[in-house]
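Scope of the values below: all heavy atoms of this structure, side chains included, with no hydrogens, waters or symmetry mates. Quick note on labels: first sequence line is chain A, next is B, and so on, each numbered from 1.
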Amino acid sequence: MASQPTPQEAAEALRNIDQRAEQARGSLRNAPRWLDWLAGAVIFLYCTSIDFFPGSAVWRSWIFAALAVGYAIALRTRRGSALLGQSARIHRQAVSPRFVLIARLTLAAVVAASVVAVALLGSAHTSMYVPYLSTILGAVLATALIGFGTRLRAGLATLAGSGHRMGGLPDGRS
Amino acid sequence: MAAAELSPLLVDPTRLSIVSLLAATEWAEFGLVRESVGMSDSALSKQVTTLSKPGYIEVRKGYVGKRPRTWLSLSDTGRSALQAHIAALHQIVEQARQTGQARRVDTDEPAT
């Protein structure tokens with residue numbers, strides 16, 4: 001390439017920039033499988049302990065919160081990420097603002113739905129009692145995480161970059 | 001929008017690839033960059049040295065357990081240079097589009 005690129009070379013360079021950003025986001029897919037198994041086991045044990053150790057609510061919540069916070073902090077550091085099998089941390093500029101909005105709305109909807117569900121189940125506890133409900137829920141969540149963890153991450157990586165181009169060629173053509 | 005200015009270092013497609021990849025990350029391991037760009041260790045090291053001199057790339061070395069690791073990240077200088085470079089590339093493409101459109105209009109006009 002000469003010092004002043006031709007229009008074709010410039011368009012190719014812009015496409016290259018978008019492809020590399022996509023490649024970086026794709027590194028999210030590379031989390032090791034053992035992490036899915038570990039997360040599944042933690043969630044299953046947490047849910048199971050609700051049924052089998054009902055008096056342990058306080059320390060159970062503290063342990064779960066500590067694990068969640070520890071995981072989040074580890075992902076923000078180079079060494080922690082490396083230990084968890086992540087070789088890069090995605091920059092916020094590479095994430096589509098639409099994805100951030102959808103993620104926040106989904107989180108808010110999940111929290112709201114949980115509050116409503118707890119209120120409804122609390123008021124109708126005697127008539128809607130299901131034995132070992134937490135254990136069943138834990139088993140379903142753990143199986144989903146272990147079975148679909150890779151696909152879930154791939155989907156999130158695709159969504160994170162959808163419609164977002166760092167190079168900025170809107171149609172990918174020159 | 002950054003001022004449009006081509007960076008002579010980023011005109012090279014290999015260096016542009018490395019910087020673009022790092023622009024999408026806060027940091028990336030040397031191994032990930034090497035695999036993504038498809039280079040050998042020594043070739044990537046050479047390019048990293050070239051990009052480190054003007055302060056585009058920052059290199060950190062450390063250990064995870066007993067294994068040595070190298071992390072690369074794009075500095076603010078590098079990020080600004082890439083933004084300016086992208087803006088300049090857009091200008092080149094846009095100018096070519098406009099010139100092409102003007103030529104088409106000239107050709108379509110009936111001769112008097």
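- Of residues 32-52 of chain B, those residues with a non-hydrogen atom less than 4.5 Å from any non-hydrogen atom of chain A are, in numerical order, B:Leu32, B:Ser36, B:Val37.
- For the pair A:Ser87/B:Trp71, no side-chain contact is recorded, criterion being any heavy-atom separation below 4.5 Å from C-beta on.
- The closest side-chain heavy-atom distance from B:Glu26 to A:Ile90 is not below 4.5 Å.
- Pairing each heavy atom of B:Ala24 with each of A:Ala21, the nearest pair is CB-CA, 3.8 Å.
- A:Gln86 touches chain B through its backbone: at least one of N, CA, C or O sits under 4.5 Å from a heavy atom, while the side chain does not.
- In this structure the side chain of A:Pro7 never reaches within 4.5 angstrom of the side chain of B:Glu94, judged on heavy atoms.
- Heavy atoms of B:Tyr63 lying under 4.5 Å from chain A belong exclusively to its backbone.
- Hydrophobic clustering of Ile, Leu, Val, Met, Phe, Trp and Tyr side chains at less than 4.5 Å, counting indirect connections, keeps A:Leu101 apart from A:Leu156.
- Between chain B and the residues A:Gly26, A:Ser81, A:Ser27, A:Ala82, the most heavy-atom pairs under 4.5 angstrom are made by A:Ala82.
- The cluster map of Ile, Leu, Val, Met, Phe, Trp and Tyr, joined by side-chain heavy atoms under 4.5 Å apart, puts A:Trp37 and A:Tyr46 in different clusters.
- You'll find the side chain of A:Ile17 reaches within 4.5 Å of the side chain of B:Leu89, heavy atoms only.
- Taking CZ of A:Arg20 as the reference point, atom CG of B:Leu16 lies at 9.0 Å (rounded to 0.5 Å).
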Next on the checklist: Before you tell me yes or no, could you show the steps for A:Asn16 and B:Ser17 under side-chain hydrogen bond (donor to acceptor under 3.5 Å, both in side chains), namely the whole-Å CA-CA distance, both residues' side-chain angles and the distance that decides it to 0.1 Å?
Outcome noted: CA-CA 7 Å; A:Asn16 183 18; B:Ser17 294; 3.0 Å; yes
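- Note on A:Gln93, A:Arg79, A:Arg78, A:Arg92: by heavy-atom pairs under 4.5 Å with chain B, the leading option is A:Arg78.
- Atom-to-atom distance recorded for B:Trp27:CH2 and A:His91:NE2 is 11.0 Å, nearest 0.5 angstrom.
- Hydrophobic clustering of Ile, Leu, Val, Met, Phe, Trp and Tyr side chains at less than 4.5 Å, counting indirect connections, unites A:Leu28 with A:Leu159.
- Between the CZ atom in A:Arg25 and the CG atom in B:Leu21 there is a gap of 11.0 Å [rounded to 0.5 Å].
- Both B:Leu72 and B:Leu9 are part of a single hydrophobic cluster, where members link through side-chain heavy atoms under 4.5 Å apart.
- Of all non-hydrogen atoms in B:Thr25 and A:Ala24, the two that sit nearest each other are CG2-CB, 3.8 Å.
- Proximity to chain B among residues 59-69 of chain A is not found for any residue, judged by heavy-atom separations below 4.5 angstrom.
- For B:Arg60, the part lying under 4.5 angstrom from a heavy atom of chain A is the side chain only.
- Under the 4.5 Å side-chain heavy-atom criterion for Ile, Leu, Val, Met, Phe, Trp and Tyr, A:Phe44 and A:Val140 are members of distinct hydrophobic clusters.
- Contact tally against chain A (heavy-atom pairs below 4.5 Å) for B:Gly31, B:Pro8, B:Ala23, B:Ala96: the top residue is B:Ala23.
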